[in-house]
Structures are given as structure tokens and as C-alpha cells.
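Report on the following structure.
The chain is numbered in sequence order, starting from 1.
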Amino acid sequence: MYINQTKIAILLAAYNAEKFIGEQIESVIAQSDSNWTLYIRNDGSTDNTEKIIESYCLQYPDRIIEIDKGGINLGCRNNFFRLLEVVDADYYMFCDADDVWFNNKIELSFERIKQLEVIHGQKPLLVHTDTAIYDENLNLIAESFWKSIGINPERFLTFNQLCICCSVGGSTMLFNKRVKQLVFPLVDNDLIFDYWIAINTVKHGIISTIHTPTTKYRQHGNNVCGVSVGDDNLLKNKLRNWRPLLRQYKKESDKLKTIGYGSFLKFLFYKIIVIFKMRLYKY
């Protein structure tokens, strides 16, 4: 167990990230709030990721720590959960190896969570922000992910609707230790790590939304989970592809049954509510 000596533990999961990880680490180092420690786990990379991590650990021995050096490949989901499991801290943030943080990301999120503590005390608290979408070379695609898909996340912060429409991205989160206590033990349902954290938090705690992008999300060919913007999210395009979409919904529903969400009919009922809310309400 790593006992974090600073305010926030930043958890960076890396896999074959030699092309981008240096730029991401530099953006963390440049944060306006410097009360953090960066923990990195290399998930069995076969490129030069390990050498880059080692160089930063040598350069910043009190700020950057590698865990499980030489560890086996766990995959994206379990790599992040491994980091969360072995680091003991008051507050946590996740960090994707291929993104870039705006320099006020930590400051903005931490100010909000401190405000929530005044109101809600020591409840499980999670803050998340919008993100800007960029291409591989950091050319801007969309200034706001939420605006690009026509969604206001605050309209979907109930358990039944968040399970259907979760806009709480791992790289945008800051949460307290009480949230971590909800996450473990893990259920073997293969739900994405940030989704699992969000649905557990909304059941037992508070999720707060900041309508400001704090991350440059880099969209490229090797993303584990990409995002769709623009025409991909038009209702007419979804209806045109209703057969594969229905199969996808059935798979999503089956996964949610493992956490007691309910039947496929319930899933479709709330899916329709969410779709119509996205059409009726403007961001």
C-alpha cells in the first residue's frame, strides 16, 4: 500500500504510450495546484513507455512514483483499479496517458469538492468536468464534448438515468476516499472503471458537474474508448441503424442486470426517456 503524503493522488494508467505520455506528464507538472503525487502503472508496454516513465521518476522522485514495475498486463479497466486499490489518499484523480490537462484542472475541481464538503460533510463526493476533443496532433475538433452531443449531464443524475447515459468520464473526475470505499470489492461484470465508479456514487453520494472543459481529450486510432461527436449522434442516424443498436442495448442491459438494474424493458423505457430529453432540452 502506498500512503499518499500530498492532498491528491493522481493515477495514470499507461500502455504503449510512448508517443503521448511525456506531454501528459508535463501538463500535470504544470498544474496551478501543486499539492499532488502522480502514481503511474505501466501495463506491460512493449514500446519505450517504461523508459519515459523511469526518466520522469528520476527527475521528480518526490512527485512521481511508479508502482508494480514490470507488472503483468491487466487491461485498461483493471490497470486503473489496481492503482486505486494500492494507493491510500484523501482524494483521487485519474489520468489518461494520451490526454493533456489544462493547467487549472486540479484547482477548479478541488475548489468545487471543498464547497461540497461544507454542504454534505463526509458523504461520497465526486466532481467531474467537461472535456474538449482534439485530434491526434492536438487540432481542436470540439470545444465542448457535452455541447457537441447536445447533453447537459445534470439532467441525468439519477441512478436509473445515469446507468443509461453516463457522461462522467474517468479523466475528468476528482473524488474523495468515501467514493473509493464504494468501489471495492469489484463485481465481475466488465463494466468500464469510470462507469462503475459513477453509478455507485450516484446511488450513495453526490455527483457535481463543472461545465468547463479541463482536459484535451486526444481522439486517435488507438483509443481504448473513443467518443462520438457531430452527426454520429443524430437521432436519424441511430434509427437508421436500429438493428445493431438494439443488439448493443441488449448487451448493455445484460451487464446492468449484474448490479440489479432490472429488465430489458426497464432499460428501453429509460433509454427512450434519455433520448427524448436530449432532443427536448438544449444545453
message: As a quick check of understanding, evaluate salt bridge (Lys or Arg N to Asp or Glu O under 4.0 Å) for E23 and K216, giving each step before the final call.
response: CA-CA 11 Å; E23 194 170 9; K216 296 180 180 181; over 6 Å; no
message: If you apply the rule salt bridge (Lys or Arg N to Asp or Glu O under 4.0 Å), what do you find for K69 with E54, and how did you get there?
response: CA-CA 10 Å; K69 187 172 182 178; E54 289 175 351; 2.9 Å; yes
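Chaining together hydrophobic side chains whose heavy atoms lie under 4.5 Å apart places M1 alongside I3.
The hydrophobic clustering, which links ILVMFWY residues whose side-chain heavy atoms are closer than 4.5 Å, places Y92 and I197 together. Following chains of ILVMFWY side-chain contacts shorter than 4.5 Å, one can reach I149 starting from I164, so the two form part of one hydrophobic cluster. By the criterion of side-chain heavy atoms lying less than 4.5 angstrom apart, applied directly or through intervening Ile, Leu, Val, Met, Phe, Trp or Tyr residues, F267 is grouped together with Y270 in one hydrophobic cluster. Taken together through direct or relayed side-chain contacts under 4.5 Å among Ile, Leu, Val, Met, Phe, Trp and Tyr, I259 and V168 form part of one hydrophobic cluster.
Not one N or O on the side chain of S45 forms a donor-acceptor pair closer than 3.5 Å with the backbone of N42. In this structure a side-chain-to-backbone donor-acceptor pair under 3.5 Å is present from N176 to V179.
Within 6.0 Å of the CD atom in E154, the count of heavy atoms belonging to other residues, nucleotides or ligands exceeds 12. The environment of NZ in K123 is sparse: at most 12 heavy-atom neighbours from other residues, nucleotides or ligands sit within 6.0 Å.
Applying the ring-ring contact (aromatic ring centres under 6.0 Å, His included) test to residues at least two apart or on different chains, the pairs with a partner in residues 109-143 are Y91-F110, H128-W146. Applying the ring-ring contact (aromatic ring centres under 6.0 Å, His included) definition to pairs two or more places apart or across chains, those involving residues 2-44 are F20-H220.
Residue L186 holds its CG atom at 5.0 Å from CZ of F81, rounded to the nearest 0.5 Å. The NZ atom of K266 lies 9.0 Å from the CG atom of L256; values are rounded to the nearest 0.5 Å. The OG atom of S253 sits 8.5 Å away from the OH atom of Y261 when rounded to the nearest 0.5 Å. Rounded to the nearest 0.5 Å, atoms CD1 (I67) and CD1 (I40) are 10.0 Å apart. Atom-to-atom distance recorded for T201:OG1 and L126:CG is 5.0 Å, nearest 0.5 angstrom. To the nearest 0.5 angstrom, Q24 atom CD is 13.0 Å from I52 atom CD1.
Listed by chain and residue number, F80, F94 satisfy the ring pair (Phe, Tyr, Trp, His ring centres under 6.0 Å) test with F193 (two or more places apart in sequence, or in another chain). Judged as a side-chain hydrogen bond (donor to acceptor under 3.5 Å, both in side chains), and not counting sequence neighbours, the contacts of D254 are K250. Contacts of D43 classified as salt bridge (Lys or Arg N to Asp or Glu O under 4.0 Å), with partners at least two apart in sequence or in another chain: R41.
Note on R218 versus D96: no salt bridge recorded, every NZ/NE/NH1/NH2 to OD/OE distance being 4.0 Å or above. We find that E85 and R82 are joined by a salt bridge, their nearest charged nitrogen and carboxylate oxygen being less than 4.0 Å apart.
The two residues N104 and Q31 have their closest heavy-atom pair at C-OE1, 4.0 Å.
When each of D33, T37, D90 is paired with K7, the side-chain hydrogen bond (donor to acceptor under 3.5 Å, both in side chains) condition holds for D33 and for no other.
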